[in-house]
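Below, chain A is the first sequence line, B the second, and so on; all start at residue 1. In what follows, every heavy atom counts, from backbone to side chain, and hydrogens, waters and symmetry copies are set aside.
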Protein chains: 2
Amino acid sequence: MARAATTADAFNAVAEPRRREILDALAQGERPVGELVDLLGLAQPHVSRHLRVLREVGAVVVRDEGRQRVYRLNPQALKPIHDWVAGYRHLWEERFDLLDDVLADLKQEEH
Amino acid sequence: MARAATTADAFNAVAEPRRREILDALAQGERPVGELVDLLGLAQPHVSRHLRVLREVGAVVVRDEGRQRVYRLNPQALKPIHDWVAGYRHLWEERFDLLDDVLADLKQEEH
DNA sequence: CCAACGCATATCCATATGGGTATACAATGC
DNA sequence: GCATTGTATACCCATATGGATATGCGTTGG
């Protein structure tokens, strides 16, 4: 079996830096494909492909506007990622907690 | 150019579900390879490869203990992911903020 | 010193990625 | 109706993935 498809889930879709850039751009507001092409400096077919992946994992939604296709962010699709990493947050912040403890102890000893 | 290497960064490394399982297991405490093999029900070489990827992105560190190799989680490596998704959090929670606003307005009108 | 154990690495395979380029298609303007 | 604009899709290619299996190698035990 090869690597999981990029469309398998948000984790895989978002592993590609360009797709994160697209999402970052859409976080500011919806945009037609052409604008994203200019913003990212990528070939139009390439941007369309990335958008397809993002659509398939539900990270964006499209709307037809004349001959343009306006893409909008659907942030909820990123929640699973947030929920997963958030579980680790206290672990990398632990060292600060420890530092706090040490400082508290030192303060205690002063008295 | 093919897809970015899984070892390119934490985003790519963590896109693989099995590797997330490994991290989840290590979040409970350090473990030798054999234990992870049992926990995940994967072939040993496969687990070793996943651990290699996780090592290369700095998500885990190894320690030699006799003929065992004990792996430990290095949560800081996940921080970039957290930092990125955290920026979107307010967007999927916006609807609750809006609800809050509505409720506040209703309360106002009561008076 | 040799056997067994614990892991890492090498190899083979099927798959699909992302890039590039060409092309198809729908909507608008003349 | 036809040309143009805005996007999507179809191909071709190089690459490296994850699974499976075999094997290398250091450590411990008898």
Side-chain angles (χ1 to χ4, degrees), chain A residues 1-23 25-26 29-73, chain B residues 1-26 30-73:
Chain A
M1 196 189 274
R3 208 208 288 209
T6 54
T7 53
D9 54 42
F11 283 95
N12 279 283
V14 152
E16 167 66 28
R18 265 57 184 277
R19 284 195 284 265
R20 288 202 298 279
E21 282 184 47
I22 290 180
L23 294 180
L26 293 181
E30 46 179 34
R31 290 203 156 91
V33 178
E35 252 180 66
L36 293 170
V37 170
D38 292 343
L39 277 171
L40 301 191
L42 290 181
Q44 174 268 313
H46 194 195
V47 173
S48 282
R49 285 182 64 92
H50 281 318
L51 286 169
R52 191 184 209 298
V53 173
L54 292 173
R55 235 186 309 149
E56 291 194 27
V57 300
V60 299
V61 290
V62 217
R63 173 166 52 86
D64 275 42
E65 182 126 342
R67 56 186 161 189
Q68 307 204 127
R69 313 205 81 195
V70 181
Y71 280 83
R72 182 163 48 83
L73 183 67
Chain B
M1 197 188 275
R3 209 210 284 210
T6 53
T7 54
D9 54 42
F11 283 95
N12 280 281
V14 152
E16 167 65 29
R18 266 58 185 277
R19 284 194 284 267
R20 288 202 297 280
E21 284 184 45
I22 290 180
L23 294 179
D24 288 344
L26 293 181
E30 45 179 35
R31 290 204 156 93
V33 178
E35 253 181 63
L36 293 170
V37 170
D38 292 344
L39 277 170
L40 302 191
L42 290 181
Q44 174 267 312
H46 194 197
V47 172
S48 282
R49 284 184 67 91
H50 281 317
L51 285 169
R52 190 186 210 300
V53 173
L54 292 173
R55 235 185 311 151
E56 291 194 28
V57 300
V60 299
V61 291
V62 217
R63 172 166 52 85
D64 275 42
E65 182 128 340
R67 57 186 162 189
Q68 305 204 129
R69 312 206 82 196
V70 181
Y71 280 82
R72 183 164 47 83
L73 182 68

Review point. Want to settle it: does A/A43 or A/R3 sit nearer the 5' end of DNA chain C, counting the closest nucleotide to each?
Key: A/R3
Check your understanding: Just how far is it from atom CG of B/L26 to atom CG of B/L39, taken to the nearest 0.5 Å?
Key -> 9.0 Å
Study note, to complete from the structure: So CG of A/L51 and CD1 of A/I22: to nearest 0.5 Å the spacing works out to 4.5 Å
Exercise for review: Check whether any side-chain heavy atom of B/N12 sits under 4.5 Å from a side-chain heavy atom of A/R3, and report yes or no.
Suggested key: yes
Study note, to complete from the structure: Whether each nucleotide of nucleotides 1-12 of chain C has a protein heavy atom under 4.0 Å at its base (B), only at its sugar-phosphate (S) or at neither (-) is summarised, 5' to 3', as ---BBSBBB---
**Study point:** Where B/L40 and B/R18 come nearest, the two heavy atoms and their spacing
**Key:** CD1-O, 4.1 Å
Exercise for review: Measure from NE2 on A/H50 to P on C/dT17 and round the result to the nearest Å.
Suggested key: 11 Å
**Study point:** Integer-rounded Å distance: C/dT21 P and A/L42 CG
**Key:** 13 Å
**Study point:** Sub-4.0 Å heavy-atom contacts from residues 14-26 of chain B onto DNA chain D, ordered by number
**Key:** B/E16, B/R18, B/R19
**Study point:** Whole-Å distance separating the CZ atom of A/F11 from the P atom of D/dT17
**Key:** 20 Å
Check your understanding: Roughly how many Å is it from CG in A/L40 to C1' in C/dG18, rounded to a whole number?
Key -> 14 Å
Check your understanding: A/N12 has an atom CG; how far is it from atom C1' of D/dG18, in whole Å?
Key -> 12 Å
Check your understanding: Rounded to whole angstroms, how far apart are CG on B/D64 and C1' on D/dT28?
Key -> 14 Å
Exercise for review: Please identify each residue that fulfils side chain to side chain contact (heavy atoms under 4.5 Å, CB included) with B/A59, with sequence neighbours left out.
Suggested key: B/L23, B/L54, B/V57, B/A77
Point to revise | Test item: A/D64 and A/R69 side chains (from C-beta on) under 4.5 Å apart, heavy atoms | key: yes
Exercise for review: Rounded to the nearest angstrom, tell me the gap between atom CD in B/E65 and atom C1' in D/dG26.
Suggested key: 15 Å
Study note, to complete from the structure: Note: A/D9 and B/R20 closest approach over all heavy atoms is OD2-NH2, 4.3 Å
Check your understanding: Can you name the closest pair of heavy atoms from B/Q68 and B/P32 and give their distance?
Key -> NE2-CB, 3.9 Å
Check your understanding: Roughly, in whole Å, what's the span from CG in A/L36 to C1' in D/dA8?
Key -> 14 Å
Check your understanding: When rounded to the nearest 0.5 angstrom, what distance separates CZ in B/R63 from CD in B/E30?
Key -> 4.0 Å
